[in-house]
Amino acid sequence: MKKNIAILDIETGGFSTTKNGVCEIALLIVNEDLTEAVATYSTLIKPYTRADDTDELVSYKDDAMAIHGITLEEIQEKGLPIAIALLDMFTVLEAENVTTILGHNIKAFDIPKVEHLSTRFLNRDFTSYTKICTLELAKKHLNSKSNKLEDLCSEFGIDQVNYHRALSDCYSTFELAKILKQKGIIKTD
């Protein structure tokens, strides 16, 4: 069975891993050669309790929520409980034989938050996956004015449909990863 890569993106209610909630998570599963998408997983996540042994819910800052446009009403009505969302995510990763997690700024932002939640709610972690961060690679190898995903997409002519929605950002990151592979910056063999 061929190994696949999961492009990961999350949307949050702020920068704090323990105080602000993750409100959306998405995976775009692509083949090892970075030539085609093979599966997706995307869900909104209901509010959950903070990790400080109180019954207080995580918070969602207005300025953070304005970036992606997800509302509290949406996550309360359409979201999955966090443990179910994470279990579904791991089920997809395993079913699709994912060995690598790729994303834009995943090492500093996405992975620490998902790792915290996975450890807390499922007692599972991401240590077995190779991680590739397109932001790190862009900073190291490209001479761009800005290495933000939105700016790199503009520079390389990548269409963004719903910028700052998790699955849409996964597709944009996939297109950026293809360009980085063509330039010899990402090696998947």
Nearest-0.5 Å distance, CG of residue Asn105 to CD1 of residue Ile111 = 11.0 Å

Whether Lys61 side chain and Gly13 backbone form a donor-acceptor pair below 3.5 Å = no

Close side-chain approach of Asp9 and Thr173, heavy atoms under 4.5 Å | no

Report the distance from atom CG of Leu8 to atom SG of Cys170, rounding to the nearest 0.5 Å.
-> 6.5 Å

Between Thr43 and Asp88, is a side chain to side chain contact (heavy atoms under 4.5 Å, CB included) present by the stated rule, with each step listed?
-> CA-CA 10 Å; Thr43 189; Asp88 289 350; over 6 Å; no

Interatomic distance, CG@Leu93 vs CD1@Ile101, rounded to 0.5 Å, equals 5.0 Å

What residue among Lys113, Arg165, Lys78 forms salt bridge (charged side-chain N to carboxylate O under 4.0 Å, His left out) with Glu24?
-> Arg165

Roughly how far, to the nearest 0.5 Å, is the CG atom of Leu117 from the CD1 atom of Ile82?
-> 4.5 Å

Tyr41 (side chain) donor-acceptor with Ala85 (main chain) under 3.5 angstrom = yes

Determine whether Ser144 and Asp151 make a side-chain contact, defined as any pair of heavy atoms from C-beta on separated by less than 4.5 Å.
-> no

Do the non-hydrogen side-chain atoms of Lys183 and His141 ever get within less than 4.5 Å of each other?
-> no

All heavy atoms of Ile10 vs all of Asp110, minimum pair found to be N-OD2, 3.0 Å

Closest approach of Val114 to Ile25 (non-hydrogen atoms, all atoms of both residues) = CG2-CD1, 3.9 Å

N/O donor-acceptor pair under 3.5 Å between Asn147 side chain and Leu135 backbone = no

Would Val22 and Phe121 show up in the same hydrophobic cluster when neighbours are defined by side-chain heavy atoms closer than 4.5 Å?
-> yes

Taking atom types as modelled, is there a side-chain donor on Arg120 or Thr18 under 3.5 Å from an acceptor on the other?
-> no

Find out whether Glu155 and Leu142 are in side-chain contact, i.e. whether some heavy atom of one side chain is under 4.5 Å from a heavy atom of the other.
-> no

Ser172/His104 under side chain to side chain contact (heavy atoms under 4.5 Å, CB included): CA gap, chis, key distance, verdict | CA-CA 10 Å; Ser172 297; His104 201 75; over 6 Å; no

Correct closest heavy-atom pair for Tyr48 and Asn20 would be OH-O, 4.1 Å

Taking only Lys NZ, Arg NE, NH1 and NH2, and the carboxylate oxygens of Asp or Glu, determine whether Lys3 and Glu32 approach each other closer than 4.0 Å.
-> no

Note: Ala37 and Val30 closest approach over all heavy atoms is CA-CG1, 4.0 Å

Salt bridge flag under 4.0 Å for residues Lys2 and Glu36 = no

Side-chain heavy atoms under 4.5 angstrom apart, residues restricted to Ile, Leu, Val, Met, Phe, Trp, Tyr: same cluster for Phe126 and Leu27?
-> yes

Does Phe174 reach the side chain of Leu102, with side-chain heavy atoms less than 4.5 Å apart?
-> no

Co-membership, hydrophobic cluster, residues Ile5 and Leu180, 4.5 Å side-chain | yes

Following the transitive rule for hydrophobic clusters with a side-chain heavy-atom cut-off under 4.5 Å over Ile, Leu, Val, Met, Phe, Trp and Tyr, establish whether Ile29 and Phe90 coincide in one cluster.
-> yes

Are any non-hydrogen side-chain atoms of Tyr60 and Ile70 less than 4.5 angstrom apart?
-> no

From Glu11 atom CD to Ile45 atom CD1, the distance as rounded to the nearest 0.5 Å | 11.0 Å

Could you give the distance from OG1 (Thr12) to CE (Met65), rounded to the nearest 0.5 Å?
-> 9.0 Å

Do the charged groups of Lys178 and Glu175 touch, with an N to O distance under 4.0 Å?
-> yes

Going through the checks in order, is the side chain to side chain contact (heavy atoms under 4.5 Å, CB included) test met by Thr134 and Leu149?
-> CA-CA 9 Å; Thr134 55; Leu149 181 60; 5.6 Å; no

Do Tyr171 and Thr40 come within less than 4.5 Å of each other through their side chains, counting heavy atoms only?
-> yes

Scan side-chain atoms only and decide if Thr127 and Asp125 contain a donor-acceptor pair under the 3.5 Å cut-off.
-> yes

Is the number of heavy atoms from other residues, nucleotides or ligands under 6.0 Å of Lys131 NZ greater than 12?
-> yes

Scanning both residues in full, the closest heavy-atom pair of Glu74 with Gly69 reads OE1-O, 3.7 Å

Heavy-atom check, side chain of Ile179 versus side chain of Ile158, under 4.5 Å | yes

For Asp63 and Ile67, what are the C-alpha separation, side-chain angles and deciding distance, and is it a side chain to side chain contact (heavy atoms under 4.5 Å, CB included)?
-> CA-CA 7 Å; Asp63 57 341; Ile67 290 171; over 6 Å; no

Which atom pair, heavy atoms only, marks the closest approach of Thr17 to Pro112?
-> CG2-O, 4.0 Å

Any donor-acceptor pair under 3.5 Å from Ser154 side chain to Glu150 backbone = no

Is there a donor-acceptor pair closer than 3.5 Å between any side-chain N or O of Asp169 and the backbone N or O of His164?
-> yes

Side-chain heavy atoms under 4.5 angstrom apart, residues restricted to Ile, Leu, Val, Met, Phe, Trp, Tyr: same cluster for Leu167 and Leu44?
-> no

